[in-house]
Amino acid sequence: MQHQQITHQLTVYNSLNRKKELFNPLKPPFVGMYVCGPTVYGDAHLGHARPAITFDLLFRYLKHIGYSVRYVRNITDVGHLESDSDEGEDKIEKKARLEQLEPMEVVNFYTIQYHRMMDRLNVLRPSIEPYASGHIVEQIEMVKKILEKGYAYQSSGSIYFDVVKYSQSHHYGILSGRKLDDLLSSTRELSGQDEKRNSADFALWKKADPLHIMRWPSPWGEGFPGWHMECSAMSSKYLGKEFDIHGGGMDLLFPHHESEIAQSVIANGKPPVRYWMHNNMVTINGQKMGKSLGNALSLEDFFTGSHPLLEQAYSPMVIRFFMLQAHYRSTLDFSNAALQAAEKGLKRLLNAVREVDQIKAEISAERHDVVSIQKAAYEAMNDDLNSPVAIANLFEAVRLVNSVKEGHHRIHPEDLEVLKQFFEVFVFELLGLSEEDENQDQELVNGLMETIIQLRQQARQRKDYATSDLIRDKLAEINIQLKDGKEGTVWERK
RNA sequence: GGUCUCGUGGCCGAGUGGCUAGGCAGCGGUCUGCAAAACCGCCUACAGCGGUUCGAAUCCGCUCGAGACCUCCA
């Protein structure tokens, strides 16, 4: 394979030390990767696309540089409480009651929708996609272990993790930088806290009150698992007690990931994760986009353009390209102008990728340092997945391709071959961009267009510009654009 | 209130001590019947103030501004 000549010194930013580190998997060539997936109780929105695309890029790149990756991304269908206390109602259950549906019906509906949206974004399916509700047994087993080791206590039928005891011998806050004293002192008065010994403690298992629909039998009565259990239980089941990468949104850093570490350290005897990776948030007008803020635009909204904030529809590939043009650890601010800029840039890139198959190489041509461009793109990827810089290098190649096409430069066969490889690998395989034109009638359309272009050409030859312009304008009305060049006329959809 | 992050040209967005990404928009040119596309050229920024240094967007301090987390959220 082409890329094996290039040294791969992949570094990733590890939230654990806030530093970039050389990536060394525990058992090469295998890599275990776990990413927090969606809670399936509502429409997939722009915020869901960020981690999905970020870790899709990582998944693709790890495979490309030769690793065998097991990528686990969960579906959360139980366990997240609605309100700000442990008295809250389960999200899935609340939605189910609202719509008079079975909880599993809600889960199914939104899971399918999530998958459909991710498919359109060309996000690869993970290797394993476990459901929290399908791993109640594993979660109960893990709670039992923590109880046996004395780091959890039972209170009114629920089981809580004893953060204060844990802190005496371990570092609660190792990930988030949170200090226990601050946690204990700054926490507000919340209802339902009286079951806990300390406000910083978190639930491992919650007793279900009589009205609660989602409930499972356990050694402590009927209930449901606590907020953070599923990820710990499922990641250790499928990836082992210690695995390479755990990803998710930055907002999950505390308390979710911090608590996962504490649970796993007690239950399994060691820190679960070697590299913690967190993507940053998507903002809208500078403010975080979130369901609770009422400014979450669904992916469907973007694809159809049917939202007051949107001036037009934005295709899945535009959304994907837009996200990849920013580094995953930066916030990304949404706006119509930014999306439109991305749309045009993507079009220019894909046009050039198409052109590269048309241009002719010449053995006598001057040489271009295309290998350096390709190398720079790899270096960018190795530098904590710097996709914006990789894309910048792609545009360097775009300029070269266009300039050869224009006849300003000629190109050597070897250089052309490198360029083709470069586009193929980076644009399609790694960045996961794809041509969106999946028209079944493409051949028919091509034939029709050929005829129309010929007729127009004849009109132009006899200087009948009224006719030639009419053809062009009419086609423009149905979003087909004609472009007259030296080699003749080509067309494309706008 | 506590913890943390950030402030880059008209817009988006890379860049963590010297070599001044990239995209979009704009301007000038080439090409063209006109247009579009493409190509060439131009626009050369780092919130403010002070400090460290031969040299700072990049390190340190202060000020101002924005955001995140502390509570379900990707």
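Throughout, a chain's letter reflects where its sequence line sits, starting with A, and its residues are numbered from 1.
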Looking for any heavy atom pair under 4.0 Å, which part of the strands does [X] touch: base, sugar-phosphate only, or nothing?
| X | answer |
| --- | --- |
| A:L332 | sugar-phosphate |
| A:Y465 | base |
| A:M250 | nothing |
| A:S330 | sugar-phosphate |
| A:E396 | sugar-phosphate |

Say we look at B:C34 and B:C40: how far apart would their C1' atoms be, to the nearest angstrom?
22 Å
Within the structure, does a side-chain N or O atom of [X] lie under 4.0 Å from either OP1 or OP2 of [N]?
| X | N | result |
| --- | --- | --- |
| A:K344 | B:A25 | yes |
| A:T39 | B:A74 | yes |
| A:N351 | B:A38 | no |

Between A:H228 and A:H257, ring centroids under 6.0 Å:
no
Stems with RNA chain B, 3 or more Watson-Crick or G-U pairs in a row (under 3.5 Å), are B:1-7 with B:64-70, B:10-12 with B:22-24, B:26-30 with B:38-42, B:47-51 with B:59-63
Nearest to the side chain of A:D469, which nucleotide is it out of B:A74, B:G33, B:C24?
B:G33
Is it the case that over 12 heavy atoms from other parts of the model lie below 6.0 angstrom from the CZ atom of A:R354?
yes
Each nucleotide N or O in nucleotides 39-46 of chain B that has a protein N or O under 3.5 Å away: list the pair and distance.
{"unit_1": "B:C39", "atom_1": "OP1", "unit_2": "A:R348", "atom_2": "NH1", "d": "3.3"}
{"unit_1": "B:C39", "atom_1": "OP1", "unit_2": "A:N402", "atom_2": "ND2", "d": "3.1"}
{"unit_1": "B:C39", "atom_1": "OP2", "unit_2": "A:R348", "atom_2": "NH1", "d": "3.4"}
{"unit_1": "B:C39", "atom_1": "O2'", "unit_2": "A:H408", "atom_2": "ND1", "d": "2.5"}

Taking side chain as C-beta onward, heavy atoms only, is A:V425 less than 4.5 Å from A:Y378?
yes
Does B:G23 have A:F395 stacked on its base, where the ring centres are within less than 5.5 Å and the planes differ by under 30°?
no
